[in-house]
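Worksheet: one structure, shown below.
Lettering of chains follows the sequences in order, A, B, ..., and the numbering in each one begins at 1. In this text, all values refer to a predicted model and were calculated from it rather than measured experimentally.
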2 protein chains.
Amino acid sequence: MYFALALNDLKFSRTQHFEGQVERSKIMSKKKNKVVTIYDIANELNYSPSTISRALKNHKSIGKDTTKQIQETAKKLGYRPNSLAASLRNNRSNNIGILIARINRPFISSLISGVENSARAAGYNVLISQSDDNYKNEVANAKALYDSRVCGIVASLSMETKNVDHFKQFIEQDIPVVFVDRVPSDLNSYRVIIDNYSAAYKATEHLIQQGCKRIAHFAGAQHLNVYKLRKNGYIDALKAYDITPDKDLLICMSTLSFEEGKEATSKLLNMKNPPDGIFSSNDTAAVSAIMEAKQKGVKIPEELAVIGFNDDPLASIVEPALSTVSHPAMKMGELSTKRILEHADKKMEKGVSEITILDTEVIVRASSKRLK
Amino acid sequence: MYFALALNDLKFSRTQHFEGQVERSKIMSKKKNKVVTIYDIANELNYSPSTISRALKNHKSIGKDTTKQIQETAKKLGYRPNSLAASLRNNRSNNIGILIARINRPFISSLISGVENSARAAGYNVLISQSDDNYKNEVANAKALYDSRVCGIVASLSMETKNVDHFKQFIEQDIPVVFVDRVPSDLNSYRVIIDNYSAAYKATEHLIQQGCKRIAHFAGAQHLNVYKLRKNGYIDALKAYDITPDKDLLICMSTLSFEEGKEATSKLLNMKNPPDGIFSSNDTAAVSAIMEAKQKGVKIPEELAVIGFNDDPLASIVEPALSTVSHPAMKMGELSTKRILEHADKKMEKGVSEITILDTEVIVRASSKRLK
DNA sequence: CTGTTTTACGCAACCGATTGCCTTTTATTT
DNA sequence: AAATAAAAGGCAATCGGTTGCGTAAAACAG
């Protein structure tokens with residue numbers, strides 16, 4: 001009897017280096033920073049660690065009462081699962097990686113916010129990385145996220161990215177990749193986007209309906225399909241209203257920055273035949289256009305109507321307030337997380353992409369309101 | 001001879017469940033998604049895994065040549081360390097946690113950006129969590145970050161936080177906690193802040209020097225020391241210039257939101273003896289004041305000079321451009337990371353906090369420029 | 001009262017890197 | 001040349017949770 005009890009007591013203690021370890025660990029357990037593991041629960045209740053593990057995740061092969069008892073004891077002891085251990089064993093963490101160009105931009109930080117909210121609600125953590133719009137950084141960050149065994153990634157391409165091979169490592173390991181906004185067109189993946197073409201079409205159409213005849217467009221880097229689609233929407237809207245696109249009014253920028261916008265506006269306004277409207281692919285450049293025009297004494301919207309894209313906070317502050325196109329960043333982040341979490345349940349077919357398209361709307365403010 | 005070779009070949013293969021495993025693993029290794037581990041390198045070069053591990057981190061007990069050979073082979077085989085395994089063993093990851101109220105705010109997203117840049121440069125990842133200015137979320141997020149074994153955290157308190165016990169778990173485990181901006185005053189930790197008192201003093205002084213006699217202040221929640229210090233700086237500046245602080249001009253807000261600012265401004269302007277200057281604890285409320293004043297036909301800065309705090313992008317867009325106080329968010333993020341990375345080298349004394357204070361400057365723009 | 005299924009749980013390998021201690025070999029000292 | 005020190009590397013335990021397989025006992029069927 002004595003032996004049986006003794007054996008029982010030792011049954012699930014971990015293999016130890018030293019003979020005296022049992023005593024030592026008892027002492028240890030008095031220290032406050034001792035962390036509780038499933039082995040401690042196992043010892044407490046005389047179950048095996050496997051039973052504890054299963055009970056904690058409500059595995060059906062463990063009895064109802066046992067499960068309850070174990071879960072209560074776990075709570076009583078203040079057990080906190082070591083996710084590193086589980087991740088190592090499963091070769092997958094519960095971290096979602098985010099790969100974007102720059103965190104401190106309104107659209108992106110709202111996107112991240114959306115991802116974070118929904119990820120955390122589901123018990124996942126969020127790892128961020130920014131490439132600073134640099135291709136090499138993007139590749140390095142993709143490696144780093146891969147190495148930390150993220151269970152999925154949300155990505156928006158850098159301005160420089162043309163080759164997307166660095167995402168293939170994820171796809172090969174069946175790690176879901178969700179591209180948002182700036183997405184590649186030739187990779188088997190999830191995509192969460194807006195209909196850039198029709199958004200641009202509607203924005204341009206709005207300017208036309210306000211009486212603009214010569215509408216300029218600030219286009220972004222054309223290898224990024226968001227900007228290409230916006231440009232196409234712009235051109236097709238013009239054509240639909242029998243306006244011949246004028247090459248001089250199509251300004252291709254590389255970053256759509258404040259400076260680029262300012263300079264472009266300056267040139268446009270100095271033309272012998274200046275535009276009476278500008279549709280910018282982002283709000284930053286649009287705001288710079290407004291400020292430059294005002295400085296030059298050009299009346300907005302009477303002489304120059306302006307509409308931007310994104311609905312950044314700036315848009316409602318600038319004067320006159322900037323008309324723009326809504327870009328549901330937060331929502332896009334939430335949907336991206338959803339795609340990743342759902343992915344576990346299904347098998348993605350090779351060569352198939354799942355695309356989620358969100359609605360946008362033209363937000364009309366003073367900068368383009370010429371009628372009435 | 002035959003046996004010796006055979007033994008040698010098997011020497012470092014992991015313990016396997018099945019007899020036929022050796023063949024099987026050879027087949028496996030042809031699959032492209034086989035991941036290379038130190039065991040593979042060990043087998044390749046006939047060294048033990050421990051030697052590989054040491055060589056890869058340039059441990060001095062491994063010979064120079066051996067180390068070189070191992071590192072080259074590692075590269076050749078495309079070895080990528082499994083940080084989960086290392087983290088489990090060391091009970092610490094190389095993830096830095098960020099705990100803030102809201103990601104999509106200019107100051108915060110720049111702060112995160114600074115943390116991310118410097119962390120990644122040092123080979124660390126960044127985990128984010130936002131509390132939405134809710135105390136319970138903050139506590140839960142702290143738990144989550146703790147559970148994922150971050151090696152340090154950067155935190156800025158939520159508006160609601162009064163009790164900071166949820167940070168003690170980190171300190172007990174010697175995990176460095178760096179508070180930024182909204183810091184507690186009674187916790188043994190690192191802090192990266194600006195001198196809020198003197199920044200506010202200087203901002204208020206600036207308004208006085210521009211001829212303001214009745215200066216109002218938009219104060220934030222007073223249990224957060226940033227806002228309390230700004231209020232104190234404001235009051236002391238007034239006193240220094242023999243202006244008696246008027247209680248009616250001291251508006252305590254809870255969130256310093258656009259709406260709160262608008263409402264407060266409206267009330268102030270309706271007073272029989274309205275203020276001729278406003279020093280706001282943030283730019284959002286300051287901008288709302290400008291807009292509200294303009295709408296009421298109050299001239300800025302002639303009838304009402306306004307200065308904000310933070311230098312958000314909005315500040316230079318609003319018209320007239322908002323004077324404000326710079327808040328080096330990016331820099332603060334970088335310094336926070338630095339504190340965490342340095343922490344490993346030193347021992348923090350119980351009861352001692354290390355505080356880093358950054359310079360700020362008053363940025364004078366049109367909204368407060370009354371002279372000349 | 002046997003034979004079969006189900007229930008409930010234990011065993012031990014496993015994930016991959018790290019590290020204290022030990023052994024063997026080589027270099028240095030007296 | 002003997003003794004000591006230093007260099008180079010291996011052994012095996014360890015971190016903590018997970019899981020395929022095996023088994024004893026209980027429930028059920030016949």
Counting side-chain heavy atoms from C-beta on, which of dC9(C), dG20(C), dG17(D) comes nearest to R54(B)?
dG20(C)
Verify whether one side chain among [X] and [Y] offers a donor that lies under 3.5 Å from an acceptor in the other.
X	Y	answer
T337(B)	S118(B)	yes
S50(A)	S53(A)	no
S129(B)	E116(A)	no
R80(B)	Q169(A)	yes

Using atom [atom1] of [X] as one end and atom [atom2] of [N] as the other, report the distance to the nearest whole Å.
X	N	atom1	atom2	answer
I41(A)	dG17(D)	CD1	C1'	11 Å
N46(B)	dA8(D)	CG	C1'	16 Å
D40(B)	dA17(C)	CG	P	9 Å
R80(A)	dG17(D)	CZ	C1'	16 Å
I52(B)	dA17(C)	CD1	C1'	12 Å

Within the structure, does a side-chain N or O atom of [X] lie under 4.0 Å from either OP1 or OP2 of [N]?
X	N	answer
S53(B)	dT18(C)	yes
Y47(B)	dC11(D)	no
Y79(A)	dG16(D)	no
T51(B)	dG9(D)	no

Do Y39(A) side-chain and dG17(D) base share a donor-acceptor contact under 3.5 Å?
yes
Look at the side chain of S50(B) against the base of dC11(D) and say whether a donor-acceptor pair falls under 3.5 Å; ignore hydrogens and angles.
yes
Applying the side-chain contact (heavy atoms from CB on, under 4.5 Å) criterion to T67(B), which one of T51(B), N58(B), L56(B) satisfies it?
N58(B)
If the threshold is 4.0 Å, N to carboxylate O, is there a salt bridge linking E342(A) and R339(A)?
yes
Taking D165(B) first and then K168(B), would you say they form a salt bridge - that is, a charged N and a carboxylate O separated by under 4.0 Å?
yes
Ring centre gap for Y146(A) and H166(A) strictly below 6.0 Å:
no
Using heavy atoms and a sub-4.0 Å distance, could you list which residues of residues 82-93 of chain B are near DNA chain C? By number, please.
N82(B), A85(B), A86(B), R89(B), N90(B)
Looking at every strand, decide which applies to T37(A) at a 4.0 Å heavy-atom threshold: base, sugar-phosphate, or nothing.
sugar-phosphate
For DNA chain D, determine which residues of residues 55-68 of chain B have any heavy atom closer than 4.0 angstrom to one of its atoms, and list them numerically.
K60(B), S61(B), I62(B), G63(B), T66(B)
Excluding sequence neighbours, so at least two apart, what forms side chain to side chain contact (heavy atoms under 4.5 Å, CB included) with S158(B)?
S131(B), D133(B), E138(B), E160(B), T161(B)
